[in-house]
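Below: the structure, in structure tokens.
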Amino acid sequence: MVAQLKEKRDTGIIKYMRATRAVINVDYLQKNIEYIKTVTGAMLCMPVKADAYGHGALPVARAALASGADYLAVATVGEGEELRNGKIDAPVLLLSIPLPGEIKAIIAANMEVFAADEDYIDALQNSAAAEGATIAVHLKIDTGMGRIGCTPAQAPDLAQKISAGKNLGLAGCATHLAAADSLAAEDMAYTRMQLDAFTGAVEAIKARGIDPGIVHAANTGGVTFYKDSWFTMVRPGILLYGYPPASKSPLVDYAKIRPLMELKTNIVYVKTVKKGQSVSYGRTWTAPADTRVGTLPVGYGDGLSRQLSNQWSVRVGDDPVLRPLVGRICMDQCMVDLGDDEARFGRWDEVTLFGGGAPHAGVMAGRINTIPYEITCNINKRVPRVYKGV
Ligand SMILES: *Cc1c(COP(=O)(O)O)cnc(C)c1O
């Protein structure tokens with residue numbers, strides 16, 4: 001049970017572990033990646049931003065590369081540096097625009113970048129020249145996401161500017177889809193418009209005699225619903241972490257995709273609560289009958305949303321009947337109604353909050369009106385990650 005949980009992690013040997021931990025099934029990740037690579041036949045860029053959606057950037061990056069990922073994508077320069085410090089030498093693409101003061105570090109970490117305007121391209125060229133280095137640039141074209149990107153009309157001139165930069169190379173052309181995970185008619189028409197605009201821009205770049213490099217557009221929605229968004233590389237994130245879109249896909253068999261993360265803990269205290277007694281802050285739950293209530297050492301301070309108070313049930317041991325969390329979730333603890341059968345459950349029993357034998361993070365997300373990305377990203381550094389299948 002709780003006894004000897006010893007794990008070797010990137011930070012060294014941990015002598016003991018708290019009950020609450022996130023189990024990351026690395027073997028599932030590898031299967032997910034191999035399957036999506038087979039389906040798309042394209043190069044694969046594995047997004048490992050936000051500490052690999054909360055799963056741990058280095059172990060995920062290593063496993064992804066071992067299963068055939070070609071690129072890694074990060075959101076901050078620091079995330080790129082973390083990969084390099086971890087001895088990862090695969091291409092790392094920075095998805096967001098940094099401050100000018102960060103460009104030197106981008107060069108030092110040999111990262112590739114998205115660029116979409118003249119000023120930034122000039123800044124990249126000047127810094128690269130000063131360092132005697134070259135930077136691989138992917139022209140980011142905004143076809144409807146409204147975040148970062150030049151207009152399709154500006155794309156040929158900017159591609160030319162990047163190509164002409166003595167210390168720059170046009171490594172790719174990319175866009176990002178805003179609504180590709182929805183099969184609503186309006187969203188499908190919008191995605192179609194985005195893909196047409198992107199294809200047009202890439203053709204115009206080619207018509208100038210410029211090699212567009214790696215052409216990439218597909219996030220999870222693109223991979224699952226739009227074969228013609230795959231181009232030379234795909235960038236699905238949440239799909240590879242195990243959470244396909246809600247609608248069934250004609251291209252991807254969701255039965256082959258498994259969620260990686262399980263949030264586990266152990267019951268650390270059990271007591272009898274009499275009918276009419278309340279549990280936790282604000283007295284939002286009162287026992288309808290005599291029952292036994294267990295305390296779990298996990299709360300919103302670990303990233304378990306307080307919105308789940310009285311809204312979620314957990315798996316105790318391997319019992320098939322889920323048990324409800326009762327009362328408000330506290331910062332460090334929450335309570336579970338174990339029922340009145342003393343023989344069944346007790347102190348130290350293992351509890352799964354999501355994933356594994358319990359409903360996964362996508363189901364939890366649906367319960368509180370958010371997305372699985374936010375559920376896994378929010379599990380914070382107080383929760384040790386245990387890597388299974390490495
Ligand atoms: C995060 C991100 C992705 C991956 O998106 P998913 O929805 O997780 O598939 C792809 N491309 C860009 C530019 C991103 O920022």
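Both ligands and their constituent atoms are indexed starting at 1 by order of listing. Values in this document were obtained by computation on a predicted structure and should not be read as measured data.
For ligand 1, the atoms sitting less than 4.0 Å from at least one non-hydrogen atom of Ile238 are 6 (P), 8 (O), 9 (O), numbered in the order shown with element in parentheses. Under a 4.0 Å criterion applied to the non-hydrogen atoms of Tyr53, ligand 1 contributes the atoms 1 (C), 4 (C), 5 (O), 6 (P), 8 (O). Near Lys49, with a cut-off below 4.0 Å to any heavy atom, the atoms of ligand 1 are 1 (C), 2 (C), 3 (C), 14 (C), 15 (O).
Asp302 and Thr20 share no side-chain donor-acceptor pair at under 3.5 Å. Looking only at atom types and distance, the side chain of Tyr269 has no donor-acceptor partner in the side chain of Gln333 under 3.5 Å away.
Shortest contact from atom 9 (O) of ligand 1 to any protein heavy atom: Thr220 OG1, 2.6 Å. When only non-hydrogen protein atoms are considered, atom 12 (C) of ligand 1 lies nearest to His176 CE1, 3.3 Å. For atom 7 (O) of ligand 1, the nearest protein heavy atom (residue, atom name, distance) is Tyr373 OH, 2.5 Å.
Put simply, part of Leu95 is less than 4.0 Å from ligand 1, judged by heavy atoms. In this structure, Arg147 counts as a contact residue of ligand 1, since one of its heavy atoms falls inside 4.0 Å of the ligand.
Here the options are Tyr243, Tyr254, Tyr241, the test is ring pair (Phe, Tyr, Trp, His ring centres under 6.0 Å), and the partner is His360; only Tyr243 passes. When each of Arg235, Lys140, His216 is tested with His176 by the rule side chain to side chain donor-acceptor pair (under 3.5 Å), just one qualifies, namely Arg235.
Considering both main-chain and side-chain atoms, Arg235 comes within under 3.5 Å of ligand 1 through a nitrogen or oxygen pair. Remark: ligand 1 and Pro47 share no N or O pair separated by less than 3.5 Å (distance only, no angle test). No N or O atom of Pro236 sits closer than 3.5 Å to an N or O atom of ligand 1.
A distance of 8.5 Å separates CD1 of Ile24 from CD of Glu262, quoted to the nearest 0.5 Å. Atom CG of Asp70 is separated from atom SG of Cys45 by 9.0 Å, given to the nearest 0.5 angstrom. Taking CD1 from Ile121 and CG from Leu168, the interatomic distance works out to 7.5 Å, rounded to the nearest 0.5 Å.
Within the 4.0 Å heavy-atom criterion, both parts of Asn219, backbone and side chain, lie near ligand 1.
Electrostatic pairing of Lys275 and Asp290 does not count as a salt bridge here, judged by no charged N lying under 4.0 Å from a carboxylate O.
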